[in-house]
2 protein chains.
Amino acid sequence: MAPRNQDTKQEILRIGMDLIKRYGYNAFSYADISKVLEMKNAAVHYHFRGKEDLLAGILDQYLDDYVQLGKQLQVSRLTSLQKLDKFIERYSVLVDSNCICIIGSVASDYNTLPESVKARVTELIDLVLGMVEKTLQEGKKKGEFHFTESARTQALLIMTNLAAGVQLARISGKQDYVQIRKALLRQVKG
Amino acid sequence: MAPRNQDTKQEILRIGMDLIKRYGYNAFSYADISKVLEMKNAAVHYHFRGKEDLLAGILDQYLDDYVQLGKQLQVSRLTSLQKLDKFIERYSVLVDSNCICIIGSVASDYNTLPESVKARVTELIDLVLGMVEKTLQEGKKKGEFHFTESARTQALLIMTNLAAGVQLARISGKQDYVQIRKALLRQVKG
DNA sequence: AGCAAAACTTACTATTTAGTAAGTTTTGCG
DNA sequence: CGCAAAACTTACTAAATAGTAAGTTTTGCT
């Protein structure tokens with residue numbers, strides 16, 4: 001049975017995020033969400049005035065999610081490699097669920113996004129890129145990593161490999177993603 | 001003035017391709033095309049029965065385009081590096097025109113594409129990936145390149161760096177793309 | 001010039017879309 | 001219990017969408 005009451009807003013966010021990762025921002029409607037919840041369109045509008053607000057909510061939650069992950073990693077005793085792997089693991093999950101990453105999804109639709117959310121997309125990319133860069137920097141200092149590019153550039157390379165890697169995997173299969181994953185780890189390990 | 005007659009079909013393909021690279025398959029309509037041509041919706045339907053057929057036509061043309069490039073490179077006296085650069089140059093042009101590559105665009109929308117065109121997307125990826133792989137292989141044999149991954153894997157890395165690189169560039173600016181471009185060239189040069 | 005095919009326009013349809021206003025039910029709280 | 005706010009449903013718009021059928025114009029060819 002579909003959840004009710006206060007959970008509904010969270011459920012809408014969850015379903016919306018899944019739809020974006022699966023089909024993209026321009027390919028889902030309020031009806032898609034309300035059908036899953038066995039509710040009416042207007043119920044979704046009650047929680048989020050418009051699709052614009054819904055997207056903003058989804059991005060905000062995703063931002064929070066990554067801030068959370070960042071804090072977790074900071075207090076953990078994981079090696080830099082393990083931290084990087086926790087990040088990469090998120091992409092592997094996407095491949096197995098036939099999805100692409102939110103960043104890649106909204107980036108592809110960027111020119112069609114409402115102006116009010118574009119800033120959030122930039123913020124999200126800065127956050128994720130910063131996290132990877134920091135982990136790389138730290139790992140290099142500790143002697144775990146041995147890449148020659150700047151940490152920022154190496155983070156860019158990893159991000160693009162993964163983002164496009166999951167996009168490719170939906171078409172040509174998981175094997176290509178696996179190869180990319182292995183190769184980028186070899187790159188940073190040196 | 002908008003072109004007429006036999007050129008119209010080609011114009012529709014050109015405009016459609018531009019719209020896919022700029023906004024994505026799900027974010028443009030027949031009206032967008034007919035407006036540019038100063039014609040009616042039905043005129044576009046005369047040349048392409050449905051959006052599905054239009055997409056198929058666009059992908060076919062893009063396939064032809066790449067086959068052409070492949071032949072050109074084969075008979076040319078360019079070094080492997082110059083060949084690779086001709087390929088990369090296509091992505092630089094995209095960045096400057098606020099577009100992403102067709103492959104990345106349809107890959108992001110893959111789950112929403114009509115079944116009849118999915119095979120063409122696979123074909124396109126195989127073709128492009130094969131071209132890059134071949135160039136890398138050839139360059140390594142000639143001593144121009146010195147990468148350690150298999151040519152296939154290295155081609156995958158380059159493709160994903162470029163595809164996601166142009167997606168990223170629309171948001172965070174050209175500078176990131178330029179860094180990626182430089183770095184991937186350093187990678188293959190060894 | 002005449003004619004047939006090609007290249008359109010006119011005039012629609014059915015569906016989906018985001019969104020709204022007003023009314024009803026549910027829920028938790030004093 | 002009673003009541004107010006929260007969480008919905010009902011019942012709609014208005015606009016955009018892909019698509020179609022039938023009629024008109026344009027074009028190239030003999």
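Computed from a predicted model, the values in this text were never measured in an experiment. So you know, we letter chains A, B, ... as the sequences are listed, proteins then strands, and number each from 1. These numbers come from the heavy atoms of this one structure, side chains and all, not from hydrogens, waters or symmetry mates.
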### Task
Test salt bridge (charged side-chain N to carboxylate O under 4.0 Å, His left out) on B:R22 and B:D32 and set out the steps.
CA-CA 12 Å; B:R22 207 169 290 279; B:D32 292 325; over 6 Å; no
### Query
Could you walk me through whether A:E115 and A:K118 pass the salt bridge (charged side-chain N to carboxylate O under 4.0 Å, His left out) check?
CA-CA 5 Å; A:E115 288 300 322; A:K118 286 190 177 178; 3.0 Å; yes
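The nucleotide D:dG23 finds its pairing partner in C:dC8, both defining distances of the Watson-Crick or G-U wobble pair being shorter than 3.5 Å.
The residue B:F28 sits close only to the backbone: its heavy atoms come under 4.0 Å of sugar-phosphate atoms, none of a base.
Of the candidates C:dA11, C:dA18, D:dC8, the closest approach to any side-chain atom of B:A42 belongs to C:dA11. Candidate nucleotides C:dG19, C:dT20, D:dC8 were compared by shortest atom distance to the side chain of A:K51, and C:dG19 ranks first. For A:A43, whose side chain is taken as the heavy atoms from C-beta onward, the closest listed nucleotide among D:dT9, C:dT10, C:dC8 is D:dT9. For B:Y46, counting side-chain heavy atoms from C-beta on, the closest listed nucleotide (C:dA7, D:dA7, C:dA21) is C:dA7.
Distances shorter than 4.0 Å separate some side-chain N or O of B:H47 from OP1 or OP2 on C:dC8. Contact annotation: B:Y30 side-chain N/O to D:dA18 OP1/OP2 distance is not under 4.0 Å. One finds no side-chain N or O of B:S29 lying less than 4.0 angstrom from the OP1 or OP2 phosphate oxygen of D:dA16. Between B:H45 and C:dT9 there is no side-chain polar atom (N or O) within less than 4.0 angstrom of OP1 or OP2.
Put simply, CZ on A:R49 is 19 Å from P on D:dC8, counting in whole angstrom units. Taking atom CE of B:M39 as the reference point, atom C1' of D:dT24 lies 15 Å away to the nearest angstrom. Rounded to an integer number of Å, the gap from NZ of A:K9 to C1' of D:dA7 is 12 Å. In this structure, A:I12 places its CD1 atom 10 Å from P of D:dA7, rounding to the nearest Å. C:dT24 atom C1' lies 14 Å from atom NZ of A:K40, rounded to whole Å. We find that CG of B:N41 is positioned 12 Å from C1' of C:dT10, with the value rounded to whole Å. Taking atom CG on B:D7 and atom C1' on D:dT26, their separation rounds to 15 Å, with Å as the unit.
In this structure, B:R14 CZ and B:I58 CD1 are separated by 11.5 Å, a value rounded to the nearest 0.5 Å.
Annotation for B:R49: atom CZ does not count as buried by contact number, only 12 or fewer foreign heavy atoms lying within 6.0 Å.
Under a 3.5 Å cut-off, the side chain of A:R181 and the backbone N or O of A:E89 do not form any donor-acceptor pair.
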